[in-house]
Participant: 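Please find one structure pasted underneath; my questions will follow.
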Amino acid sequence: MSTQAADPATGGKTTVITFGTFDVFHVGHLRVIERARAFGDRLVVGVSADELNLRKKGRLPVFSQGERLEIVAALRAVDEVFVEESLEQKRQYVLDHGAAVLVMGDDWVGRFDELKDICRVEYLPRTPAISTTALIEKIASNP
Ligand code: C2G
């Protein structure tokens, strides 16, 4: 059975979905988004809610949810954005958006394999040597 069929609900286009916080937006974020887009015809991005970050990471992002959504929505590779309220709702988000492919960086490898019954799941290598945490530390330690 093919899990990569174009969804008639999206005009026959193959929809790709990806998720992230995208805080202090950097080139690693850009590259995963551009590579995700290359798996289909349109890209939908779930941007994690401030509340989700507080719950899962114990801190709020530097940039608010509204600002992070605005930045991601402005990218050429991105067709649609929405707020990801919960990590556990991935299956519903994939179905709601008619996504045929879910793409995540390989720090999440294996974590979403259970969704392979409804979509193709791809984990892409992270861009080395850059992260939001490292950037925050670098900025904070600069006199
Ligand atoms: N990424 C990357 N290379 C980096 C840093 C990040 O490819 N150097 C990718 C991550 O693997 C992820 C995306 O960029 O696919 C967004 O990363 P984060 O903002 O750190 O997202 P995260 O907090 O891991 O996502 O459902 C997932 C949640 O939304 C949380």
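Whatever order the structure lists them in is the order used to number ligands and atoms, beginning at 1. Small disclaimer: the values here were computed from a predicted structure and weren't measured.
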Participant: Considering only the protein, which heavy-atom contact is closest to atom 25 (O) of ligand 1, and what is its distance?
Facilitator: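 Protein heavy atom with the smallest distance to atom 25 (O) of ligand 1: Gly20 CA, 3.4 Å.
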
Participant: Looking at ligand 1, does Lys56 have a heavy atom less than 4.0 Å from it?
Facilitator: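 No.
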
Participant: For residues Val16 and Ala36, report the shortest heavy-atom separation together with the two atoms involved.
Facilitator: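 Closest pair (atom of Val16, atom of Ala36, distance): CG1-O, 3.4 Å.
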
Participant: Using a 4.0 Å cut-off to any heavy atom of Ser48, which atoms of ligand 1 qualify?
Facilitator: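 Contacts of ligand 1 toward Ser48, numbered from 1: 29 (O).
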
Participant: With no hydrogens and no angle check, is any side-chain donor or acceptor of His26 less than 3.5 Å from a backbone partner on Gly28?
Facilitator: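 Yes; judged by distance alone, with no hydrogens or angles, the pair exists.
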
Participant: CZ of Phe39 to OG1 of Thr14: how many Å apart, nearest 0.5 Å?
Facilitator: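 Rounded to the nearest 0.5 Å, the CZ-OG1 separation comes out at 12.0 Å.
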
Participant: Has Lys90 got any heavy atom lying under 4.0 angstrom from an atom of ligand 1?
Facilitator: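 Lys90 counts as a contact of ligand 1 under the 4.0 Å cut-off.
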
Participant: Evaluate Phe22 for polar contact with ligand 1, using N/O atom pairs at a separation under 3.5 Å.
Facilitator: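 N/O-N/O distance below 3.5 Å exists for this pair.
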
Participant: Please check if a non-hydrogen protein atom sits closer than 4.0 Å to atom 20 (O) of ligand 1.
Facilitator: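 Looking at atom 20 (O) of ligand 1, one finds that no protein heavy atom lies closer than 4.0 Å.
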
Participant: Which ligand 1 atoms, with their elements, are less than 4.0 angstrom from a heavy-atom of Ile130?
Facilitator: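 In order of number, 4 (C), 5 (C), 8 (N).
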
Participant: Atoms of ligand 1 less than 4.0 Å from Leu87 heavy atoms?
Facilitator: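 That gives atoms 26 (O), 27 (C), 28 (C) of ligand 1.
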
Participant: State whether the side chain of Arg55 and the backbone N or O of Gly58 hold a donor-acceptor pair below 3.5 Å, judged by distance alone.
Facilitator: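 Judged by distance alone, no pair lies under 3.5 Å.
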
Participant: For ligand 1, which atoms have a heavy atom of Val32 less than 4.0 angstrom away?
Facilitator: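 Heavy-atom distances to Val32 below 4.0 Å select 7 (O), 9 (C), 13 (C), 14 (O).
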
Participant: Donor-acceptor pairs are to be reported for all side-chain atoms of residues 127-141 against protein atoms at under 3.5 Å, with residues two or more places apart or in another chain.
Facilitator:
residue : atom : partner : partner atom : Å
Ser131  : OG   : Ala134  : N            : 3.0
Thr132  : OG1  : Asp23   : O            : 2.7
Ser141  : OG   : Glu137  : O            : 3.1
Ser141  : OG   : Lys138  : O            : 3.2

Participant: List ligand 1 atoms under 4.0 Å from Glu84, heavy atoms only on the residue side.
Facilitator: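 Those of ligand 1 that fall under 4.0 Å from Glu84 are 26 (O), 27 (C), 28 (C), 29 (O).
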
Participant: For ligand 1, which atoms, with element, lie under 4.0 Å from some heavy atom of Lys57?
Facilitator: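 That gives atoms 23 (O) of ligand 1.
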
Participant: Ring-plane angle category for Phe112 and Trp108, please: parallel below 30°, perpendicular beyond 60°, tilted otherwise.
Facilitator: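 Parallel.
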
Participant: When rounded to the nearest 0.5 angstrom, what is the spacing between OG1 in Thr21 and CZ in Arg68?
Facilitator: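 Reported value, rounded in 0.5 Å steps: 6.0 Å.
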
Participant: Which option, Thr21, Asp107, Val27, owns the non-hydrogen atom nearest atom 22 (P) of ligand 1?
Facilitator: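 The residue whose heavy atom sits nearest atom 22 (P) of ligand 1 is Thr21.
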
Participant: Output yes when the distance from some N or O of ligand 1 to some N or O of Thr127 is under 3.5 Å, and no in every other case.
Facilitator: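 Yes, there is a polar N/O contact under 3.5 Å.
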
Participant: Please tell me whether Tyr93 and Phe82 form a close aromatic pair, meaning their ring centres lie under 6.0 Å apart.
Facilitator: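 Yes, they do, as the ring centres are separated by less than 6.0 Å.
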
Participant: In ligand 1, which numbered atoms sit nearer than 4.0 Å to a non-hydrogen atom of Gly105?
Facilitator: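 Matching atoms, with element in brackets: 11 (O), 15 (O).
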
Participant: Does Asp106 form a salt bridge (Lys or Arg N to Asp or Glu O under 4.0 Å) with Arg126? I'd like the steps, not just the answer.
Facilitator: CA-CA 6 Å; Asp106 64 4; Arg126 277 170 68 94; 5.3 Å; no

Participant: Within ligand 1, which atoms have a heavy atom of Met104 less than 4.0 Å away?
Facilitator: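 Those qualifying, in numeric order: 15 (O), 27 (C).
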
Participant: Evaluate the side chain to side chain contact (heavy atoms under 4.5 Å, CB included) criterion for residues Leu115 and Lys90: first the C-alpha distance (whole Å), next the side-chain angles of each, then the deciding distance (0.1 Å), finally the verdict.
Facilitator: CA-CA 8 Å; Leu115 301 178; Lys90 286 244 167 13; 3.8 Å; yes

Participant: Which residue owns the protein heavy atom closest to atom 24 (O) of ligand 1, what's the atom, and how far is it?
Facilitator: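 The closest one turns out to be Trp108 NE1, 3.0 Å.
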
Participant: For atom CD of Gln89, is the number of surrounding heavy atoms from other residues, nucleotides or ligands below 6.0 Å larger than 12?
Facilitator: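 Atom CD in Gln89 is crowded, with more than 12 foreign heavy atoms closer than 6.0 Å.
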
Participant: Judging by distance only, is a nitrogen or oxygen of Ser131 under 3.5 angstrom from one on ligand 1?
Facilitator: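 N/O-N/O distance under 3.5 Å: no.
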
Participant: Only heavy atoms count here, so choose which of Arg111, Arg126, Glu88 is nearest to atom 6 (C) of ligand 1.
Facilitator: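 Among Arg111, Arg126, Glu88, the closest heavy atom to atom 6 (C) of ligand 1 comes from Arg126.
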
Participant: For the 3.5 Å polar cut-off, considering only N or O atoms, please tell me whether Asp23 and ligand 1 meet it.
Facilitator: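 Such a contact does not occur with ligand 1.
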
Participant: Is Arg111 atom CZ crowded by more than 12 heavy atoms from other residues, nucleotides or ligands, each under 6.0 Å away?
Facilitator: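 Not buried by this count: 12 neighbours or fewer within 6.0 Å.
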
